[in-house]
Amino acid sequence: MREKFNALPPYLQATVFGLMASISAAIFSVFVRLATEHIDPLQAVFFRNLFGLILIAPLAFRSGIAPLKTKRLPMFLLRAVLSMGAMSFWFSALAYLPLAEATTLNFTVPLFGTVLAAIFLGEKVRQYRVAALLVGFGGVLIIIRPGAETMQMASLLPIAAAVCMASAGLTIKSLSRTENPTTIILYMMALTTPLTLIPALFVWETPSVDALLLMAAGAFMANITQLCNTNAFRVYDYGFVIGFNYLRLPFVLIIALVMFGEVPEIWLLPGAGLIIGSALFIARREAKLAKEANRIKRGPSAATTDIEPPSKP
C-alpha cells in the first residue's frame with residue numbers, strides 16, 4: 001500500500017494529506033466542543049497539552065537528548081505563552097460560538113500574520129496585499145456585524161485566537177532557522193502544559209472519564225493534523241497545499257448541522273468567501289514571491305525549475 005501511495009504524483013499525495021488534515025482538524029474541533037460540555041475551556045486547554053506531551057515525548061526522545069538541546073529557551077517560552085493564549089481563546093470560541101462561525105473567523109490568521117510581519121519583521125506589504133487585507137477584514141465585519149443587535153462578544157474570541165496564532169507563527173518562523181521540528185513541538189508542549197495548568201486550577205472540577213477520553217482523542221487528532229500538514233508541505237508546493245486548510249469549513253458545516261443542529265446564518269457565507277479568498281491570495285502571492293527570490297539567487301540557468309512540480313524526496 002505504501003509503495004502504491006509513494007508512486008502517486010506529488011500533487012495527488014499532497015491532496016490526500018491535505019484532505020486528511022482538514023478532516024482531522026474538523027473532528028478535533030468537535031472533540032473540543034463535546035469536552036467543554038463537561039469541563040471549562042481553560043481546563044480543556046490543559047488536558048490538550050498534557051495528552052499532546054504524552055504523545056510526542058516518545059517520538060522526541062527516540063533519537064536521544066542531544067538533538068533537543070537549545071540555546072533559545074526565551075523564544076520557546078514566548079512561543080508557549082502565545083500558544084497558551086491562542087488555545088485559550090480558541091477553545092472558548094468553540095464552546096460558546098457555532099462551530100462554523102468560530103472556524104471562519106479563525107481563518108483570519110494569515111491576515112493578522114501579514115500585518116504582524118510588517119510591524120515586527122519589517123516585511124514589505126505591497127498594494128495587492130493591502131487590498132487583500134481590506135477585503136478579508138471586510139469579511140470579518142460582515143460576519144460579526146458590529147453595532148447589530150445580533151452581534152456576540154464571543155465573536156471576538158476566534159479573532160483573538162487568530163492574533164495569538166499569527167504571533168506564535170512568527171516565533172516558529174524564527175525558531176525553525178536553528179531548531180528541528182520535533183524540538184519545537186516538544187518544547188511547546190513541555191512549557192505550555194504547566195503554564196496552562198495555572199488558569200485551569202481557578203476553574204478546576206474533577207473531570208469525568210468522558211471528558212478525559214474526548215481530550216485524549218482530540219490531542220491525537222491534533223497530532224494527525226500536524227503530521228498530515230507537514231507531509232503535504234514536504235511533497236508539494238505551499239501555495240497548493242494551503243488551500244486545503246479552508247476545506248475545514250464545509251466539513252465543519254456538515255458536522256455542526258448533523259451533530260448540533262447548527263444552521264449557519266446567511267451572513268456567514270459571503271463573509272467566509274471574502275476571508276478565505278483574501279487569505280488564499282496572500283498565501284499564493286507569498287509563494288510566488290518566494291519562488292522569484294529563489295530564482296534570482298540561483299541565477300538565469302535555473303529559471304525553469306520553479307515552474308516544475310517539486311520532485312519526490
Side-chain angles (χ1 to χ4, degrees), residues 11 14-15 18 21-22 25 82 86 89-90 93 97 100-148 151 155-174 176 229 232-233 236-253 264-296 306-307:
Y11 73 91
T15 298
S22 297
L82 292 171
F89 287 126
W90 179 232
L97 281 176
E101 181 178 341
T103 300
T104 302
L105 290 173
N106 192 244
F107 285 153
T108 54
V109 171
L111 308 184
F112 287 113
T114 299
V115 174
L116 292 171
I119 294 173
F120 294 106
L121 302 182
E123 292 187 3
K124 292 182 179 180
V125 182
R126 296 173 176 82
Q127 58 184 0
Y128 294 106
R129 279 206 280 176
V130 171
L133 286 172
L134 293 176
V135 169
F137 288 124
V140 173
L141 294 178
I142 288 175
I143 294 174
I144 65 176
R145 283 166 293 151
M151 178 185 173
S155 296
L156 300 179
L157 290 171
I159 298 176
V163 174
C164 291
M165 290 176 183
S167 301
L170 296 184
T171 65
I172 295 172
K173 187 174 182 179
S174 173
S176 62
N229 277 326
F233 288 126
Y236 208 65
D237 181 72
Y238 176 86
F240 176 82
V241 172
I242 196 65
F244 288 96
N245 179 53
Y246 301 103
L247 287 178
R248 274 192 298 151
L249 183 57
F251 292 135
V252 165
L253 281 170
E265 294 186 0
I266 193 171
W267 298 102
L268 181 71
L269 296 181
L274 293 177
I275 293 171
I276 293 173
S278 60
L280 282 173
F281 176 84
I282 290 174
R284 292 185 180 277
R285 189 152 183 85
E286 290 258 353
K288 181 180 178 181
L289 292 175
K291 284 185 176 181
E292 291 176 353
N294 288 334
R295 185 180 298 132
I296 292 172
D306 281 327
I307 61 175

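Please read these numbers as outputs of a predicted model, since none were measured by experiment.
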**Q** Nearest 0.5 Å, please: how far is CZ in R129 from CG in L111?
**A**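 It comes to 11.5 Å.
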**Q** At what distance, to the nearest 0.5 angstrom, does OG1 of T114 lie from CD1 of I119?
**A**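 If I round to the nearest 0.5 Å, the distance is 11.0 Å.
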**Q** With F244, which residues qualify under ring pair (Phe, Tyr, Trp, His ring centres under 6.0 Å), at least two apart?
**A**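 So F244 forms a ring pair (Phe, Tyr, Trp, His ring centres under 6.0 Å) with F240.
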**Q** Measuring from I142:CD1 to L274:CG, what's the distance to the nearest 0.5 Å?
**A**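 It is 5.0 Å, given to the nearest 0.5 Å.
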**Q** In chain order, what residues pass the side chain to side chain contact (heavy atoms under 4.5 Å, CB included) check against A161, with sequence neighbours excluded?
**A**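 By the side chain to side chain contact (heavy atoms under 4.5 Å, CB included) rule, A161 matches F89, W90, N106, M165.
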**Q** Quick check for you: to the nearest 0.5 Å, what is the distance between L156 atom CG and L97 atom CG?
**A**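 Rounded to the nearest 0.5 Å, the CG-CG separation comes to 9.0 Å.
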**Q** So, applying side chain to side chain contact (heavy atoms under 4.5 Å, CB included) with T104, which one of V140, L268, I276 is it?
**A**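 Answer after filtering V140, L268, I276: L268.
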**Q** Give the minimum heavy-atom separation between S167 and L116, together with the two atoms involved.
**A**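 Smallest interatomic distance, heavy atoms only, reads OG-CD1, 3.3 Å.
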**Q** Is the closest side-chain heavy-atom distance between L253 and P264 below 4.5 Å?
**A**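 A side-chain contact under 4.5 Å exists here.
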**Q** Could you tell me whether a side-chain N or O of S174 sits under 3.5 Å from a main-chain N or O of L170, the two making a donor and an acceptor?
**A**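 No; zero donor-acceptor contacts below 3.5 Å.
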**Q** So which atom in A93 and which in A102 form the shortest heavy-atom distance, rounded to 0.1 Å?
**A**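 In terms of heavy atoms, the two residues are closest at O-CB, 4.1 Å.
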**Q** Under the ring pair (Phe, Tyr, Trp, His ring centres under 6.0 Å) rule, what pairs show up with a residue in residues 106-133, not counting sequence neighbours?
**A**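 Found F107-Y246, F112-F137.
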**Q** Please give me the minimum heavy-atom distance between A132 and S278, naming the atom from each residue.
**A**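 Between these two residues, the closest heavy atoms are O-CB, 3.0 Å.
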**Q** What's the shortest heavy-atom distance between L82 and A168, and which atoms?
**A**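 Heavy atoms only, the tightest pair is CD1-N, 3.7 Å.
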**Q** Any idea which heavy atoms bring R248 and A25 closest together, and the distance?
**A**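 Shortest heavy-atom contact: CD-CB, 3.3 Å.
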**Q** With no hydrogens and no angle check, is any side-chain donor or acceptor of T103 less than 3.5 Å from a backbone partner on A100?
**A**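 Between the backbone of A100 and the side chain of T103 there is no qualifying donor-acceptor contact (under 3.5 Å).
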**Q** What's the spacing between I143 CD1 and S155 OG if we round to 0.5 Å?
**A**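 If I round to the nearest 0.5 Å, the distance is 9.0 Å.
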**Q** I want to check something: taking the side chain as every heavy atom from C-beta on, are I282 and L133 in contact at a cut-off of under 4.5 Å?
**A**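 They are in side-chain contact.
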